[in-house]
Amino acid sequence: MWKGFTERAARTSPESGDPVLAGRTYAIPFDPVWNAALALSGGGLKGWKLVSADDQLGVIRADVRSPLLPLEANVLVSVTLDPNGQTRVDMSALGNHRGGDLGANYRRIRHFFRSLDSSLGVRPGQILEPRSSARHAA
């Protein structure tokens with residue numbers, strides 16, 4: 001927990017022990033997930049401004065401004081297919097300031113994924129546990 005307050009970056013990974021930082025593997029086709037992530041990054045979330053998007057690479061770049069604190073960040077959202085053909089979403093956020101971000105980037109990631117789940121209307125079984133889906137690929 002303390003690490004999130006003293007660092008200025010946060011990123012997801014399937015290997016993360018923190019469920020917020022595990023990212024998402026969806027049993028939902030690429031296109032709806034891409035379109036929902038793009039809509040959120042392009043202004044669907046307060047303070048987010050789309051910088052660029054490449055659906056061939058599955059990369060969305062956005063600048064994010066915190067509503068209360070002057071803690072701006074560059075965000076990269078990656079939407080790809082995992083080895084099992086499931087849609088994988090990962091995210092990183094890097095603060096544009098010195099020192100820690102007081103957990104702002106961690107909260108950005110948590111808020112993004114909650115909003116993405118809501119936008120997609122995720123039902124039980126559509127979010128796959130990343131480590132178990134990786135084991136099935138082996």
Side-chain angles (χ1 to χ4, degrees):
M1 180 72 166
W2 180 252
K3 183 178 175 183
F5 285 95
T6 60
E7 294 192 356
R8 65 183 192 113
R11 76 180 55 243
T12 63
S13 167
E15 293 81 32
S16 177
D18 183 329
V20 169
L21 297 179
R24 292 280 195 282
T25 302
Y26 292 103
I28 300 173
F30 176 90
D31 284 341
V33 176
W34 171 262
N35 290 330
L38 187 59
L40 290 171
S41 301
L45 294 174
K46 186 174 179 155
W48 286 59
K49 180 182 172 192
L50 183 67
V51 173
S52 66
D54 185 330
D55 63 343
Q56 296 300 309
L57 295 175
V59 175
I60 299 168
R61 287 181 166 62
D63 290 335
V64 183
R65 181 179 298 253
S66 182
L68 300 176
L69 300 172
L71 299 175
E72 296 179 11
N74 300 115
V75 172
L76 182 120
V77 178
S78 170
V79 183
T80 59
L81 296 179
D82 75 0
N84 297 316
Q86 301 299 329
T87 307
R88 175 76 193 161
V89 181
D90 282 296
M91 181 177 167
S92 63
L94 175 64
N96 294 334
H97 54 277
R98 291 182 179 222
D101 67 10
L102 305 174
N105 286 320
Y106 181 90
R107 289 188 302 278
R108 282 183 180 113
I109 290 172
R110 181 180 62 206
H111 183 64
F112 177 84
F113 281 110
R114 285 181 178 169
S115 299
L116 184 59
D117 292 348
S118 178
S119 292
L120 291 168
V122 171
R123 296 185 312 268
Q126 288 186 306
I127 297 176
L128 306 175
E129 201 276 312
R131 286 175 289 281
S132 66
S133 65
R135 280 197 294 268
H136 294 291

| query | Taking it one step at a time, do Ser78 and Asp90 satisfy side-chain hydrogen bond (donor to acceptor under 3.5 Å, both in side chains)? | reply | CA-CA 5 Å; Ser78 170; Asp90 282 296; 5.7 Å; no
Note to self: What verdict does the side-chain contact (heavy atoms from CB on, under 4.5 Å) test give for Trp48 and Val75, after you've listed the backbone C-alpha separation in whole Å, the side-chain angles of each residue and the deciding distance to 0.1 Å?
What the structure shows: CA-CA 9 Å; Trp48 286 59; Val75 172; 3.8 Å; yes
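In terms of modelled atom types and a separation under 3.5 Å, the side chain of Ser118 and the main chain of Arg114 share no donor-acceptor contact. Judged by distance alone, the side chain of Ser16 and the main-chain N or O of Thr12 form no donor-acceptor pair under 3.5 Å. Without hydrogens or angle criteria, Asp82 side chain to Gly85 main chain gives a donor-acceptor distance under 3.5 Å.
Atoms OG and CG, from Ser13 and Asp18 in turn, are 11.0 Å apart once rounded to the nearest 0.5 Å. Here the OH-CZ distance, from Tyr26 to Arg88, works out to 9.5 Å after rounding to the nearest 0.5 Å. Rounded to the nearest 0.5 Å, atoms CG (Asn74) and CG (Asp63) are 5.0 Å apart. We find the CG-CZ distance between Asp55 and Phe30 to be 6.0 Å, quoted to the nearest 0.5 Å.
The two residues Gly23 and Phe113 come nearest to each other via the heavy atoms CA-CZ, 3.9 Å. Contact between Ala36 and Leu116 at its shortest, heavy atoms only, is CB-CD1, 3.6 Å. Ser41 approaches Val77 most closely through the heavy-atom pair OG-CG2, 4.2 Å. Taking both residues in full, the closest heavy atoms of Gly42 and Leu50 are given as CA-CB, 3.7 Å, listed atom of the first, atom of the second, then distance. Met91 and Arg108 make their closest contact through CE-O, 4.1 Å (heavy atoms, listed as atom of the first residue, atom of the second, distance). The minimum heavy-atom distance linking Leu94 with Ala9 is given by the pair CD1-CB, 3.7 Å.
Counting heavy atoms of neighbouring residues, nucleotides and ligands inside a 6.0 Å radius, atom CZ of Arg11 does not exceed 12 of them.
Cluster annotation: Leu38 is connected to Leu45 through the hydrophobic network of ILVMFWY side chains, with a link wherever side-chain heavy atoms come within less than 4.5 Å. The hydrophobic cluster containing Leu76 also contains Leu57, counting ILVMFWY residues as joined when their side-chain heavy atoms lie under 4.5 angstrom apart, directly or transitively. Under the 4.5 Å side-chain heavy-atom criterion for Ile, Leu, Val, Met, Phe, Trp and Tyr, Leu81 and Ile28 are members of the same hydrophobic cluster. Tracing side-chain contacts under 4.5 Å through hydrophobic residues (I, L, V, M, F, W, Y), one reaches Val122 starting from Val89; they form part of the same cluster.
A 4.5 Å side-chain heavy-atom check between Arg24 and Val33 finds every atom pair outside the cut-off.
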